[in-house]
Amino acid sequence: MIDILFYVFAAVAIGGSVGVVASKSPVASLLFMVVTLASLAGVFVLLEAHFLAAVQVIVYAGAIMVLFLFVIMLLNLGHDYQKDLRWGLASLLSFAVVGLLAGLLSTRLGGSALGGGAGAEVIDAAIREQGAVGAIAQPLFTTYVVPFEITGILLLVAIVGALVLAKRHVE
Amino acid sequence: MSLDFSRQLHYVWALLPEIVLCVWAMIVLVAGVSGRHRPVKTPGGADGGAGAVGGSADLGWLALIGVLVAAFFNGWLYGVREVGGDSMIAVDAFRLFANWVFLIAAALAILISFAYVDRQRLQAGEFHGLILLSTAGMMFMAGARDLIVIFLGLEVMSIAVYAMSAFNRRDRRSAEAGLKYFLLGAFSTGFFLYGVALVYGATGSTNVVAIGASVASGAASQGLLAIGVALLTVGFAFKVSAVPFHMWTPDVYEGAPAPVTAFMSVAVKAAAFTAFLRVFLVGLDAAYDTWYPILWWLAAITMVGANLIALVQSNVKRMLAYSSIAHAGYLLVAMTAANETAAAGMLFYLLVYTMMNLGAFAIVISVGHQGEDRLQIEDYAGFGWSQPLLGVFMTIFLLSLAGFPGTGGFMGKIYLLQGAVDSELWTLSVVLVLTTVASYWYYLRLAWFMWMKEPATPDQHDFVVAPLPMRVALLASVAMILYLGIFPSAALDFARSSVQGLGAVGGGLLGLAP
């Protein structure tokens, strides 16, 4: 069952990201992006990373995408998305069906996409010990503190770059 | 002092140069928006150059001090030893040598951009702040022993450079360059990140040393690893602009503001090459058979393709762009050779290349009147006789880029060749020599225009401006190029000992040719 679900989520995620690129209207692109992020959240659930899945939905599919939609509407680009959506929903459905078939085929052939390796046991142990949030927060602020801080610098650079280019002040 | 990274505080000491640069960049940014933009006579105004005044110069000097402070801490790190040698941040001589290259590039880029920033009315605070931030990103890349940190360093560097390419908002070509670089760069970043994910999937770690152990023990899944290595190669090849991935280079180098082009043609390339070297020679050393043919072909077609296209360029900035692609090809020969001599030769070459290419671009900025006009080769007619000092400097830079004996460029090519011969890469060595000979044509054609042609109008070069900071940068570059060309042994020994540190600390043996 989990295998079949994985294939369905994976296929829908791929279909959604194709839709992001292929749609002409920004609103349709954005809605496909939401579909992709939601299916990724589904994959996280299958990996038993429930906290990550919830964060994915709340932060990405929720907050950031709403912000995008707001900006698109503010720039008055939100027209003519119905055609893209109608075409896109059909293809998403076909991606889901292809995923379902691939999942059924792989279970019949006996292969498992989500083999529980050594990594899964380590993660399970960490979650038992520290809880779902602690299992992420602990490495984030110890082992991976350097990448975490560099990410801050990266965001600063991006903000400075965006401001430099977008500031309306050309005399 | 010895660093034990089980204590997080020690990361602060290991990353002091980077932290100094980041903090200093924030200071420069704040100073840029808070300062009153009063016109201040710069010290460079002494020669009466019209473009040498402006409040932006204060910020330039401030940024330069930041680079010097970072350089001080970089020197201080030589006295620091790390425990273990498999932590996320490497404290080895290889990283510190690469840091010298980045810091020299940043200092020279700041020095040559004083009058340009002022004349083009660019936002000086953001300009110099972004130079410092991208330098910090490069240093993260060179010091990273973890693919995640390499990726983040790559992004810090790239995003700053994307913004700087589009910096001149009054120039359409600059905007086009920025957008083109950003879109293609984001695409290549995707390749790189996918490569990181697949290598992680194959080896179970993002740490370069752990990857090396996993690959050497044969535990890594071969299929995944091969695809991952190929995607990593695409990501790096884009950043160093090797030939199938070079399409963005001429347009971006031509459109971006000239000081930015100068900076990114040397520093971005150097950063990508140092990270490339560490990942492939320490992490993927045991997979040499997988990546050797890819790099062999990349090097060969890069050298041949870039030099052939450069032959027919009439725009000097575009010609230098193709020349920089050709130099990436020469450096890829060292990557393909993958031995200690070649790695040391590569560091030496990056050092020389930084100075000669930045110097050549400084003259381009001068001839272009601190702007983006007069970039055709005809505009250099008679330049040598009108401005003898700048003319001689430009000739030295061109001869060094071409690889004439007595210049650093020649010694650099000799060491690259030596590395290639040590690994018995005969064909690549021959290609390197032949393409170098072909490259004489387009470098010397420019010199020929400078000294052998009459200027179109007698006063054509009377308004060429080279303010004091730029003269300092030019003089330093020329002195170093001649010094490295005539007495190369000290710098080469330095590079060689830096690379030895790489092997010892990384744990992986530098590979030998099959």
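In what follows, chains are A, B, ... by sequence order, proteins preceding strands, each numbered from 1. Values in this document were obtained by computation on a predicted structure and should not be read as measured data.
Across all non-hydrogen atoms, the minimal contact from A:T142 to B:Q8 is O-NE2, 3.3 Å. The minimum heavy-atom distance between A:T143 and B:M88, with the atom names listed, is O-CE, 3.5 Å. The two residues A:A158 and B:I159 come nearest to each other via the heavy atoms CA-CG2, 3.8 Å. Contact between B:E126 and A:V160 at its shortest, heavy atoms only, is CG-CG1, 4.2 Å. A pairwise comparison of heavy atoms in B:R169 and A:V164 identifies CD-O, 3.7 Å as the closest pair.
Of the inter-residue distances, the one linking B:F151 atom CZ with A:T151 atom OG1 reads 9.0 Å to the nearest 0.5 angstrom.
Note on A:G161, A:P147, A:A162: by heavy-atom pairs under 4.5 Å with chain B, the leading option is A:P147.
Residue A:W87 places its CH2 atom among more than 12 non-hydrogen atoms of other residues, nucleotides or ligands, all under 6.0 Å distant. More than 12 heavy-atom neighbours from other residues, nucleotides or ligands sit within 6.0 angstrom of OH on B:Y11. For A:F9, the CZ atom is densely surrounded, since the number of other residues' heavy atoms within 6.0 Å is greater than 12.
For chain A, no part of B:L122 is nearby; none of its heavy atoms comes within less than 4.5 Å. Interface residue B:M26: only side-chain heavy atoms are found under 4.5 Å from chain A. The contact between A:L156 and chain B is made entirely by side chain atoms (from C-beta outward), counting heavy-atom distances below 4.5 Å.
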TODO: Decide yes or no on side-chain contact (heavy atoms from CB on, under 4.5 Å) for A:E149 and B:L15, but give the supporting numbers first.
DONE: CA-CA 11 Å; A:E149 297 293 340; B:L15 288 170; over 6 Å; no
